[in-house]
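Input: a single structure, listed below in structure tokens.
Hydrogens, waters and symmetry mates play no part in the numbers below; they use all other heavy atoms, side chains included. Given the structure is predicted, the values throughout are model-derived calculations rather than measurements. Nothing fancy with the numbering, it's 1 onward along the sequence.
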Amino acid sequence: MSRLLVVTGVLLGAACVSVFVAVPPVPRYLVLAVAIAIGFGVLRSERITATAGAEVARGVGTSLVLLGAYLLGPLLVSSARSEQFDPGATRLSPVVVVALTFLPVLAFLLNFAAQGMRAAVVGVGIVVPTAIVTAMVATEASRLAVVLTMLGLALLAVGVVVRSGPGSPWSTVGITAGALAATAAVGTGLMPLGLITGSGFGRGATRHLPPGVLIVTLVAGLGLAALFGVIAILRRDAAGGLVVGCAIAVPPLALLIRPPSGGVQLALALIPAAVVVLAVLGILLGPALAAASRLAGWLRPGGGTTPGALAAVAGTAAVSFTTHALPVLGWSYWVQGSVTLVVCAGAAVLAIRLPGVPGAVLAGVVLVGLALTKPVSQLFLLNERSGVSSLSLAAGVGLVVAAGAAWALVRAHQRPGVVAAATYLLVGQVAFALWWAHMPAGFGPGVPITGATPVLVLLAPLVLAGVIGLGLGQRGALAHGQAVLAVTLGVAGFSMLATLGGTFGRSESRDALRGLAPLTPTDTWGASGMIGDESPWALWGAVVVLLLVVVAALTTVHRPNAAVTAGVVLAGVFAVQVALVTASKIGGTALADVVMGFAIAGTALGAATVVAIRSPPRRQP
């Protein structure tokens, strides 16, 4: 019954998206109302909960409700704008647009967070700073105003976190919202903040801020983000720590687009260097270690710190130097790659020697740092016109180095977080190797790649990772298998979003997709934008992703996992859209109707079966 409920939930979500895309605006409200009502019905049904399990019913119900809320926001905006057919009418305020977009999902997240759902708490922390930044950018607020607002929000979040207990939901909300606000001030951050700051907004960052103000912003923003990361580690807040890690891992896109000047590069280099020096002093000097322990005890009552934890902090700061400072220092690719390899090798050795949580955290940082920097490829990029043979060699050597690092670090720290970081690294390296293995003769800049190659590069590594994740679950390592599946589904979902924008979107949406790069490691050299809009491979790729969504969702029956559930929703929504759009391009509306018909028919059959579930017999006392 649990498996049936999970599969039915996935089919219901697919049908909801399919019908939503196909029908006119007014009936869409009915579609979303039905989806939300079914979600709440599953949540509150004692019969389904008793038969399928409380965790499974909660996962399916909340996913359906949040899917409906996610689609309701843009629908409200579209309806409000559709009423303004008079050219002389007042345009819809950008603040109203942002409020209509985010209000439905925020309202339901707050409702679920009040009921103690941890994933909803994280969602609230993500949506609040996202809505504020989006509203300010939409109203064309100055860059300085955005920076001051985000830094103020981050400082407010520090107060909330300090006054909250380690197990309080407010602690997670503060860590998540504060980290995103701090990195948004710098010009980076987790999607969707990274998408905003990496597009037109990011290009104006250095132009509107004097070098001195930009230096202060970098120091304050990255310093606050690092503080939230330390608090997340001290309080064992895995969800908040994951958001902080994703936010600070991405280099400031604004600085990469427009090289900084006036000492900004020096500030970026000195921040991690200062952290390394302070951590080393804490390891070597007793008074410094005592001071660090007092600070840790203040952030987590009753806690402290150890030389091992400080060593992990030093290694993390060193790796962050390679992801944040090196790209904007203007050094040659060969020097960048050499320095990155040396730093990551030293940090990897340190991570292997450090036991427990400090070593595991540093191991994850090293793996993600290697994925973002690709140092082996930099060694072969002696100039911008390096030949295909050099890059093919770089792909092969890089895959060997990545596999070796993943094997050594996962072997030393067999934790789901380290496995997830290794998956992120390896899928990107496999995609890079596949890309250069399928290059035609005479390939060069500006020459598009057609046929099955872009889809193969984009999705084949994810399918392979998904199979490995399912295999781990069958072999008794379900937690590790779900870590692999969570990363796989997340990357697949954002890759499908990149395909929608790169293949079927307008030119401005393609430019904005640069902010998705850290979340789409298999999108090598913009493969998603090279997929033909009538390519059958895109349709088959979306179908494969949907199959992976279903089998991954089934793993939550035995072990509920919020990350896998979120990945199921993300990948499912965008894969269905790619399948529908591609089907309509290939076979017109008839083929799209067939795709939608299968989803609706399967949903009706599954829903009828769920309705037929009988409550288990009560035991006699």
Quick one, Asn561 with Thr555, criterion side-chain contact (heavy atoms from CB on, under 4.5 Å). Give me CA distance, side-chain angles, the key distance, then yes/no. CA-CA 9 Å; Asn561 188 297; Thr555 66; over 6 Å; no
Determine whether Ile36 and Leu64 satisfy the following criterion, side-chain contact (heavy atoms from CB on, under 4.5 Å), listing intermediate values before the conclusion. CA-CA 6 Å; Ile36 293 174; Leu64 289 173; over 6 Å; no
Before giving the answer on side-chain contact (heavy atoms from CB on, under 4.5 Å), spell out for Phe321 and Val276 the whole-Å C-alpha distance, their side-chain angles and the decisive distance to 0.1 Å. CA-CA 10 Å; Phe321 170 81; Val276 171; over 6 Å; no
Evaluation steps, side-chain contact (heavy atoms from CB on, under 4.5 Å), between Ile126 and Thr176: CA-CA 6 Å; Ile126 293 176; Thr176 306; 3.6 Å; yes
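Counting heavy-atom neighbours within 6.0 Å of Arg559 CZ, excluding the residue itself, gives a total above 12. Within 6.0 Å of the OH atom in Tyr70, the count of heavy atoms belonging to other residues, nucleotides or ligands does not exceed 12.
With values rounded to the nearest 0.5 angstrom, Ser320 atom OG is found 11.5 Å from Leu372 atom CG. Atoms OG and CG, from Ser63 and Leu12 in turn, are 11.5 Å apart once rounded to the nearest 0.5 Å. Atoms OG1 and CG, from Thr62 and Leu109 in turn, are 10.0 Å apart once rounded to the nearest 0.5 Å. To the nearest 0.5 Å, atoms CG (Leu76) and CG (Leu71) are separated by 11.0 Å. Atom CD of residue Gln414 and atom CG of residue Leu409 lie 12.0 Å apart, to the nearest 0.5 angstrom. Going from atom CG of Leu67 over to atom SG of Cys16 covers 4.5 Å, rounded to the nearest 0.5 Å.
Closest heavy-atom contact between Ala181 and Ala154: CB-N, 4.1 Å. Of all the heavy atoms in Ala347 and Val366, the pair that sits closest is CB-CG2, 3.5 Å. Taking all atoms of both residues into account, the shortest heavy-atom contact from Ala363 to His413 is CB-CD2, 4.1 Å. Closest of all the heavy-atom pairs between Pro416 and Ala483 is O-CB, 3.3 Å. Gly125 approaches Pro129 most closely through the heavy-atom pair O-CD, 3.0 Å. Shown here for Arg415 and Ala360, the closest heavy-atom pair between the two residues is CD-CB, 3.3 Å.
Side-chain contact between Val56 and Thr556: absent, with no pair of heavy atoms (C-beta onward) separated by less than 4.5 Å. The closest side-chain heavy-atom distance from Leu155 to Leu224 is below 4.5 Å. In this structure the side chain of Phe574 never reaches within 4.5 angstrom of the side chain of Val17, judged on heavy atoms. Residues Phe108 and Phe40 are in side-chain contact: their nearest non-hydrogen atoms beyond the backbone lie under 4.5 Å apart. Counting heavy atoms from C-beta outward, Phe494 and Asp523 have side chains that stay 4.5 Å or more apart. The side-chain heavy atoms of Val319 and Thr322, taken from C-beta on, include a pair separated by under 4.5 Å. Side-chain contact check for Met150 versus Leu180: every heavy-atom pair is 4.5 Å or farther apart. Between Ile283 and Leu289 the shortest side-chain heavy-atom distance does not fall below 4.5 Å.
With Thr323 as the partner, the side chain to side chain contact (heavy atoms under 4.5 Å, CB included) test is satisfied by one option alone out of Thr373, Thr340, Leu370: Thr373.
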